[in-house]
Amino acid sequence: METKLMPADTAFMDKLTALCKRRGFIYQSSEIYGGIGGFWDYGPLGVELKRNIKNQWWHDMVTNPPPGPDGHEIEMVGVDCSIIMNPKVWEASGHATGFADPMVSCRTEGCKGLFRADKVFFVRALSAEAMTRLREASRDAENIRPKFALETAIEADSIEEARELAGDAIGAAARKANIEDLKKARVTKLPEGEITKAANEGVTLASLSVESMKSGIAYAVFVLPCLADTHPARPCPRCGSPDSLTEPRQFNLMFESHTGALRDDASKVYLRPETAQGIFVNFKNVLDTTRVKVPFGIAQAGKAFRNEVNPRNYTFRSREFEQMEIEFFCHERDSMQWYEFWRKVRYDWYVNLGLKSEKLKLRDQTDKELAHYSNACADIEYLFPFSDEHQELEGVAHRGNFDLTQHAKFSGKDLTYFDDEAWERDKANFGGDKEKERAAKTAEPYRFLPTVIEPSAGADRATLAFLCEAYTEDQAPDEKGVMQTRVVMKFHPKLAPTKVAVFPLVNKEGMPDIAAALYKDLKKYMTAFFDTKGAIGRRYRRQDEVGTPFCVTVDGDTLKDGTVTIRDRDTLQQIRVKKEGVLEWVRGRLGR
RNA sequence: GCGGGUGUAGCUCAGUGGUAGAGCGUCACGUUGCCAACGUGAAUGUCGUGGGUUCAAGUCCCAUCACCCGCUCCA
């Protein structure tokens, strides 16, 4: 029986990484110099696998995309943009600022927690006496942490959420300790301008105009963002140690370089952290130089670079990686339909190429996860063996017109789309009134900024997922009939690095010549492999280990009737076909 | 970035301060008759890297790098 190893299994990853090294799929970058963190190389078989994945994506999404929701053909074109772009691109996209996450860490031994500073909030009360009572009450209350740290810091996605969590925690503490006036504590919204004032010790009720304090509330509690320009005691949200957080430190995740010989600020450039911006920046070029009409998509596959704080998990979080991205431009009114379309198309793509197990998951992002400009986003996730949680392979995002708006603003160029078809259809309705026509042509529904659906996939993550999914150990008999463990990479034939291997059964009686001639014929059309050495069983097993789906063997019967055997990797079954028919037979199985 | 662990042949790993090892794999020759055959032979190591202690270091100490696990992060 076939057995699949279970997730969260480091033994599985050890076996897979050993196989990838041994058989030339993946090597550590710069290995003879001790390696370099977060960078990986693909070997002879790895490059075939990854290229097959990229080519299949390009084929299935760009040159032969599926029909759209209405059953009509969809328009897709490609670009291949430079990795280094005008630095203003990254100002417009938000990466120059947004991509640099300020971090704080805890100085306390045994904790040393690391947090994103924009997700840490300090909970404070308006007087030292109130603060002390709150602390004591929350100390007595069990099960409050980690939602509400013992002292006065809290982790949350937003100040609103922090306020909610703090309120819940104080309420629970008050009930538990049965402190009447504490039950009346309110977590208040602090007016923007008063945050700084409030941060200072000794602030009085009278100096604040907090609305909820007007009637009968014993304590007012408020929440300060860690990033605000304040210097309160900085307790750790995890261990609760007072004043133990560092000042926020910037982690810039973009790689920098310089153009030209002078290394000054004016010459500073960035290696792109995503390929998407090259597409947006070329939106107008593509419109002006091809005959595409909205809705249509532009695709790009290429390298991207992120200076990850902590690269981990084999090739999953590399600092240099490859993306396969589509920006699909449509009218806002149709956008959810297109979003649903791409969400399904992209999920099905992985399934159809072999990620069939329950490990593949399509997950809709929650409202909290969504970027502020995004209406919807779905992650296609895979349960990798190194994790007990699903990890993102691809995100399908409804980005609104955020990106085009930003680039229009920062470049000063008009990036709107004019719908010629709709105009030709409707213009008679304006009765030849030039003024009305002129006005109509500058606005909806004839001129608009397209909405974007972005299916953004990681080529290296997909490659790793296909490797993990393919790795299988099963039992097959050896020549004595004893069952032996067999390692098989069950790649979909379309993705397999080698499509077919050709062997003479034995290395004599003219079999090698016939096999060699067949091999030479096949390799004109597909990756093929030829081997005359050693026992046939060993040659089969070697091909199993690199996932070759078909092995063709020239044997004694070939000499008599011109047929050869084709052996199937997964079933071990053999069939006989005329040697002239092998090419057609295999191509039929490759689906092209 | 913090803590713990690991690092010896292509892979998996032994190796008590005193000659660098095994299994598998690879290669050559012979053999070969459909699922990890057999025989004979061979190649492959700056023991992650750099310092230090010692008559002597794979082994002890320090530093550093990489990987793994946990924390954390992933616009």
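By convention in this document, chain letters (A, B, ...) are assigned in the order of the sequence lines, proteins followed by strands, and residues within each chain are numbered from 1.
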Given B:rG10, is OP1 or OP2 found less than 4.0 Å from the side-chain N or O atoms of A:Arg23? no
Nearest listed nucleotide, side chain of A:Arg542, among B:rC34, B:rA75, B:rG25: B:rG25
Considering just the side-chain nitrogens and oxygens of A:Asn313, establish if one lies under 4.0 Å of OP1 or OP2 belonging to B:rC69. yes
With A:Tyr314 as partner, the option from A:Phe384, A:Trp40, A:Tyr27 fulfilling ring pair (Phe, Tyr, Trp, His ring centres under 6.0 Å) is A:Trp40
Roughly how far apart, to the nearest Å, are B:rU53 and B:rC71 at atom C1'? 36 Å
CZ on A:Phe328 to NE2 on A:His398, rounded to 0.5 Å: 12.0 Å
If we only count heavy atoms from C-beta on, is the A:Leu467 to A:Thr463 side-chain gap below 4.5 Å? yes
Side chain A:Tyr33 and base B:rC65 donor-acceptor under 3.5 Å: no
For B:rG58, which nucleotide is its Watson-Crick or G-U wobble mate, given both distances must be under 3.5 Å? none
Could you check which residues of residues 545-556 of chain A get a heavy atom under 4.0 Å from RNA chain B? Sort them by number, please. A:Thr553, A:Asp555, A:Gly556
Across the strands shown, which category fits A:Gln28 at heavy-atom distances under 4.0 angstrom: base, sugar-phosphate, nothing? sugar-phosphate
If I take atom CG in residue A:Leu559 and atom C1' in nucleotide B:rC34, what distance separates them, rounded to the nearest angstrom? 15 Å
Is there side-chain contact between A:Tyr42 and A:Cys20, with heavy atoms separated by less than 4.5 Å? no
Using a 4.0 Å heavy-atom cut-off, does A:Gly24 contact any base of the nucleic acid, only the sugar-phosphate backbone, or nothing at all? nothing
When rounded to the nearest 0.5 angstrom, what is the spacing between CD in A:Glu469 and CE in A:Met489? 10.5 Å
Rounded to the nearest 0.5 Å, what's the gap from CE on A:Met324 to CD on A:Glu322? Could you check? 8.5 Å
Span that lies between the P atom of B:rU16 and that of B:rU6, in whole angstrom: 15 Å
Classify A:Thr565 by what it touches in the nucleic acid, base, sugar-phosphate, or nothing, heavy-atom distance under 4.0 Å. base
When the distance from CG of A:Leu19 to P of B:rU12 is rounded to whole Å, what number comes out? 11 Å
For B:rA75, the nucleotide meeting Watson-Crick or G-U wobble distances (both under 3.5 Å) is none
Name the residue closer to the 5' end of RNA chain B, choosing between A:Thr485 and A:Pro311 according to the nucleotide with the nearest heavy atom. A:Thr485
Counting any heavy atom closer than 4.0 Å, what does A:Ala18 reach on the DNA or RNA strands: base, sugar-phosphate only, or nothing? sugar-phosphate
Taking B:rU64 as the reference, what is the distance to B:rG1 when you measure between their P atoms (whole Å, please)? 11 Å
Nucleotide opposite B:rC27 in a Watson-Crick or G-U pair, distances under 3.5 Å: B:rG41
Counting only distance, no hydrogens or angles, is the base of B:rG70 paired donor-acceptor with the side chain of A:Arg312 under 3.5 Å? yes
Give me the distance, rounded to whole Å, that separates B:rC35 from B:rG45 when you measure between the P atoms they each carry. 38 Å
For B:rC35, does OP1 or OP2 lie under 4.0 Å from any side-chain N or O of A:Arg538? no
Could you let me know what B:rC67 is paired to, Watson-Crick or G-U wobble, both distances under 3.5 Å, or none if it's on its own? B:rG5
Look through every strand shown and name the nucleotide pairing with B:rG17 as Watson-Crick or G-U wobble, where both distances are under 3.5 Å. none
Tell me what A:Asp544 touches on the nucleic acid: a base, only sugar-phosphate, or nothing, going by heavy atoms under 4.0 Å. nothing
What nucleotide, of B:rC67, B:rC69, B:rG33, holds the atom closest to the side chain of A:Phe386? B:rC69
Can you check the A:Asp41 CG to B:rA66 C1' distance for me, whole Å? 14 Å
Whole angstrom value for the distance that separates P of B:rA75 from CD of A:Glu454: 12 Å
Euclidean distance for C1', B:rA57 against B:rG18 (whole angstrom): 10 Å
Only pairs with both distances under 3.5 Å count, Watson-Crick or wobble alike; so what is the partner of B:rU32 in this structure? none
Output the distance between atom OH (A:Tyr339) and atom OG (A:Ser374), rounded to the nearest 0.5 Å. 7.5 Å
Does A:Lys361 NZ have over 12 foreign heavy atoms under 6.0 Å away? yes
Go nucleotide by nucleotide along RNA chain B from the 5' end; which of A:Arg541 and A:Ile32 gets its closest nucleotide reached first? A:Arg541
Would you mind telling me which of B:rC11, B:rU32, B:rC34 lies closest to the side-chain atoms of A:Lys508? B:rU32
Just how far, in rounded Å, is P of B:rG10 from NZ of A:Lys21? 7 Å
Looking at every strand, decide which applies to A:Arg567 at a 4.0 Å heavy-atom threshold: base, sugar-phosphate, or nothing. base
A:Asp555 bridged to A:Arg576 by N-O distance under 4.0 Å: yes
Between B:rC67 and B:rG52, how many Å separate the two C1' atoms, rounded to a whole number? 26 Å
Over all heavy atoms of both residues, which pair between A:Ile326 and A:Ala299 is shortest? Give the atoms and the distance, please. CG1-CB, 4.1 Å
Atom C1', compared across B:rU19 and B:rU59: separation rounded to whole Å: 15 Å
Flag this pair as yes if the NZ/CZ of A:Arg461 is under 6.0 angstrom from the six-membered ring centre of A:Phe316 and inside a 45 degree cone about the axis; otherwise no. yes
Is any NZ, NE, NH1 or NH2 atom of the basic residue among A:Asp474 and A:Arg486 found under 4.0 Å from an Asp or Glu carboxylate oxygen of the other? yes
Could you measure between the two C1' atoms, the one in B:rA37 and the one in B:rA43, and give it in whole Å? 23 Å
So if I take residues 391-403 of chain A and measure heavy-atom distances to RNA chain B, which residues fall below 4.0 Å? none
Just checking A:Lys533: base, sugar-phosphate only, or nothing, at a heavy-atom cut-off of under 4.0 Å? sugar-phosphate
Look at all strands and tell whether A:Leu572 reaches a base, only sugar-phosphate, or nothing, counting heavy atoms closer than 4.0 Å. base
With a 6.0 Å cut-off on the ring centroids, do A:Phe283 and A:Phe329 count as close? yes
